[in-house]
Amino acid sequence: MDHLQDTAIDGPSSGYSHVSMKSNNSMHQPPNLSDGPAVNSGPVIFSRKRKRAASPLQPPDLSDEAAPSGRLGEIADQIRDVSCQTSTSSCQKHISHLDTEAALQLDSHQPVHDDLQRVKDQHKTSMKNRYESVFEGIKLQENQTLLNRIYTQLYIIEGESEGVNEEHEVLQMEKSYKTLQDTPIHCNDIFDPSPEPGYEEMRREKKDKIKTVLTKGIAGIGKTVSVQKFILDWAEGKANQDVDFMFVLPFRELNLIKDHQYSLHRLLLDFHPELQDLDSMIYDECTVVLIFDGLDESRLTLKFSDSEKVSDVTESSSVGVLMSNLMKGDLLPSALIWITTRPAAANQIPSNFINRVTEIQGFNDPQKEEYFSKRISDEHQASRIISHIRRARSLHIMCHIPVFCWISATVLQNILKQDLSAEIPQTLTEMYIHFLLIQTHMRNQKYEERDPEKLLQSNRDVIVKLAELAFNQLMKGNVMFYEEDLRESGIDVTDASVYSGICTEIFREESVIYQRKVYSFVHLSFQEFFAALYVFFCYLHKNSEVMKEFLTGKSRTQCENVLLDGLLKGVMNKALKSKNGHLDLFLRFLHGISLESNQRLLQDVLIHTENNPESIKKIIQNLKRGQKNNVSPERWMNLSHCLIEMKDHSVLKEMQAFLNSETKRKSISLAQCSTLANMIMMSEEVMDELDFMKYKFKSKEGKWRLFPAVRNCRKALLAGCNLTDQHCEILASALQSSNSPLRELDLSNNHLQDSAAKLLSTGVKSPNCQLNILRSSGCFMTEEGCAALASALSSNLSHLRELDLSHNDLQDSGVKLLCGGLNSPNCQLIILRLSYCMVTEEGCAALASALSSNPSHLRELDLSYNHPGDSGVKLLSDKLKHLDKLKYVEQ
């Protein structure tokens, strides 16, 4: 649900865009099919008047089109007959063989290529006007902001995170946070075969492009705004100028015509009226990009069998069949296709029809802080909010999503304006409740002259009906709603604008093609929050029908009299059975709302509250029992989050006790690995040491589930762990993260090779890196790895004090390259270990020269078990007299 949700967002007064991220002209007007002056054109442009269609949903009747007459008409018909098989230049060649006088008469009209260029220019102008602006808050002129002023590049990576199709979005987001790579693919390069820097020249020589790209990303992560930037840069002439046309077909709008028959040409004219003079035969001769935004919003039936094949752009079929044939390449095979979707919906398209999968990963740590600094003008307040977000690890991780940054900024800024000593929300539930209260308070101020009691009742009615809508549609798996969905929840569509006006930052109404309305919550998490609010409201008011959804086999009377712990247990059991975790965040919010303190905040909506300490104890016990069941680690972890929402930290204490126990080698299950990693990641305290040798992992997968916890440790001891380049990417990302706590890293006895050294050196050179000790003994490193590490050592940002490269086949060539870093005045090394590295007299001479050429900080050099020879030892002894310890025992 990206048009309303995918943003780099902000509040109305900031420089960042707001949640909506919709362009000024995002709603499409029906094409103007009225009779107008005929346009004289060549074979690629219609030169005939169109009849007005009987209905905007039906293809126009072209049977009475006026045709050119006489010799000129015959010539035009001949040209038209060959135009689908020839280029414009071929058509001109064809003209030269026809009657000279008639050809001259035809040439007196505007040239073919000029007409085509005019349509291209009109289309670019239309797209620029449509996508150059975003809106902050309600879609009013005063809320308009230029996209180029606020756009922040988001991280788009090649491939996808493990489990991207199966996991719930919040879990996927948390995993993305842990494995964030710092090499983005720019959205303008989405179709280029290589994202590498310097590829532009090669791209000009080789015009092959990737045909179909699927971009995944959770709700609010920035899919639609990336599409918007891609289009705007093209329309302004900044990128992809080899593309002639870009056509946007959002699924939310295709849903409105899913039962109608369309040809592709007719469909494109309806979405892009400025193309009305474009002939259907030109598509194959132009470079076309088709963008299908929001696959997760689709209610179309996509069929990828060969039973319904469409290959002609003028052939009519259902919209679902058209989309399927476009994706298969049967229809308009030359077109480039970009599809965006939330992860859970991606499996609607078979992988053999996708050439590239990318994933948008949102803000990295520095971008989060940059966002808050720009969003909040008061530097002291911004600093305090950044510090709070940084300490509250669960909130910090959620700020990976741009829309959550906006929620957090809005709530925290509002609270601190009122009371600098106020308690700041610590959980997701508290954050969302405060956001809702801010919205209702703003509405109350707007209508403060009204009867307060009536205003309170009005607010309550609106919120409860929105909550019912959220719940009903969440159970159906819908994130976009239409008029029939609203009516089902008792919302009068004529009053829908009132609902979006009251909760303008939460619930959106939007006009799309043919002036139809679509509705959504600004972010999936709001729908889940409101759904949880509705279930709790129904519990308090004894709504047995909603209870039955989770209490299978219970009678109506039993449902009405069920206790809160019984209801939450039923919801938990249903959530645990979910394959994609679609109820996880809903479950988390529901447990958070069950706290009396949160119920009091919501009292105006709930009317009354319930305080039952015994029930709360049972709820906590049920969550812990659920963790003991044979459930997936993701579900297990979510139950830990539920406990945190209830402010019960017993599981974290139990894991801390487990870590501090005296058992020498602790056996650790898969679920415990997930919880331990989660606990370390979420903790406000940095863990002193994470030593993998202390644990006996019951499976290899458990080790990798624990691995991301290195991000919040001072010392990570990972010797002999069978690490790969992928793990080194995580380590490099951790070293580059804001306020990285890592000071010591032991990677000894892993088959990492030079590629890992390159990755690590990137992390070490980061201004955020504070690493003092790096041990890479026995890692199969050669001279190529030495060159990378030399670059890191010579960086003026390097904090390395100890480097162990023992038991690597460096030889003299590798040592010489390493010396390029050692002789730098920026090198701060105190200890260097090079034992068993096949170093001879030549390597010793290079070391002696490098370490004596500048004031060296080195105090200990280990060259034991090498072949320095007498001359090598003498060189070292003479030139490195400042060393406290020099080992040079020969092998």
For [X] against [Y], the heavy-atom pair lying closest together:
{"X": "Ala346", "Y": "Lys216", "result": "CB-CE, 3.4 Å"}
{"X": "Ile360", "Y": "Ser226", "result": "CD1-OG, 3.7 Å"}
{"X": "Phe292", "Y": "Met323", "result": "CE2-SD, 3.7 Å"}
{"X": "Trp234", "Y": "Asn240", "result": "CD1-O, 3.1 Å"}
{"X": "Val319", "Y": "Ile257", "result": "CG2-O, 3.3 Å"}
{"X": "Cys286", "Y": "Lys120", "result": "SG-CE, 4.5 Å"}

Inset, instruction - With sequence neighbours left out, write down each residue that passes ring pair (Phe, Tyr, Trp, His ring centres under 6.0 Å) with Phe251, or none if nothing qualifies. - result: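 Scan of Phe251 (ring pair (Phe, Tyr, Trp, His ring centres under 6.0 Å), adjacent residues dropped) gives none.
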So, the side chain of [X] versus the backbone of [Y]: is there a donor-acceptor pair under 3.5 Å, distance only?
{"X": "Lys223", "Y": "Gly217", "answer": "yes"}
{"X": "Asp244", "Y": "Val288", "answer": "no"}
{"X": "Gln276", "Y": "Glu274", "answer": "no"}
{"X": "Gln228", "Y": "Tyr131", "answer": "yes"}
{"X": "Asp293", "Y": "Val248", "answer": "no"}
{"X": "Asp330", "Y": "Ser311", "answer": "no"}
{"X": "Ser126", "Y": "Gln122", "answer": "no"}
{"X": "Arg299", "Y": "Met480", "answer": "yes"}
{"X": "Asp233", "Y": "Ala239", "answer": "no"}
{"X": "Glu297", "Y": "Pro250", "answer": "no"}

_Matching residue for Val310 among Leu264, Leu326, Leu322 - test: side-chain contact (heavy atoms from CB on, under 4.5 Å)_ =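 It is Leu322; the other options fail the test.
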Strictly by modelled atom types, are Thr358 and Thr215 linked by a side-chain donor-acceptor pair under 3.5 Å?
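Present: a donor and an acceptor within the cut-off.
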Worksheet entry | Check: Tyr519/Asp485 side-chain N/O donor and acceptor closer than 3.5 Å |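 Looking only at side-chain atoms, Asp485 and Tyr519 do not form any donor-acceptor pair under 3.5 Å.
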Any side-chain heavy-atom pair from [X] and [Y] closer than 4.5 angstrom?
{"X": "Ile291", "Y": "Phe247", "answer": "no"}
{"X": "Leu290", "Y": "Leu268", "answer": "yes"}
{"X": "Phe521", "Y": "Gln473", "answer": "no"}

Of all pairs that satisfy ring pair (Phe, Tyr, Trp, His ring centres under 6.0 Å), the ones with a partner from residues 329-357, not counting sequence neighbours: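 Passing the test, one end in residues 329-357: Phe230-Trp338, Phe304-Phe353.
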About how many Å separate [atom2] of [Y] and [atom1] of [X], when rounded to the nearest 0.5 Å?
{"X": "Leu256", "Y": "Glu253", "atom1": "CG", "atom2": "CD", "value": "7.0 Å"}
{"X": "Glu308", "Y": "Asn325", "atom1": "CD", "atom2": "CG", "value": "8.5 Å"}
{"X": "Asn188", "Y": "Lys229", "atom1": "CG", "atom2": "NZ", "value": "7.5 Å"}
{"X": "Asp296", "Y": "Ile339", "atom1": "CG", "atom2": "CD1", "value": "12.0 Å"}

### Query
Within a reach of under 6.0 Å around NZ of Lys211, are more than 12 heavy atoms found that belong to other residues, nucleotides or ligands?
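Correct, the count exceeds 12.
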For the pair Phe245 and His123, name the ring-plane relationship: parallel under 30°, tilted 30 to 60°, perpendicular over 60°.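 The rings of Phe245 and His123 sit tilted, inter-plane angle from 30° to 60°.
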Query - Partner set under side chain to side chain contact (heavy atoms under 4.5 Å, CB included) for Asp121, not counting sequence neighbours - result: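 Asp121 satisfies side chain to side chain contact (heavy atoms under 4.5 Å, CB included) with Gln117 only.
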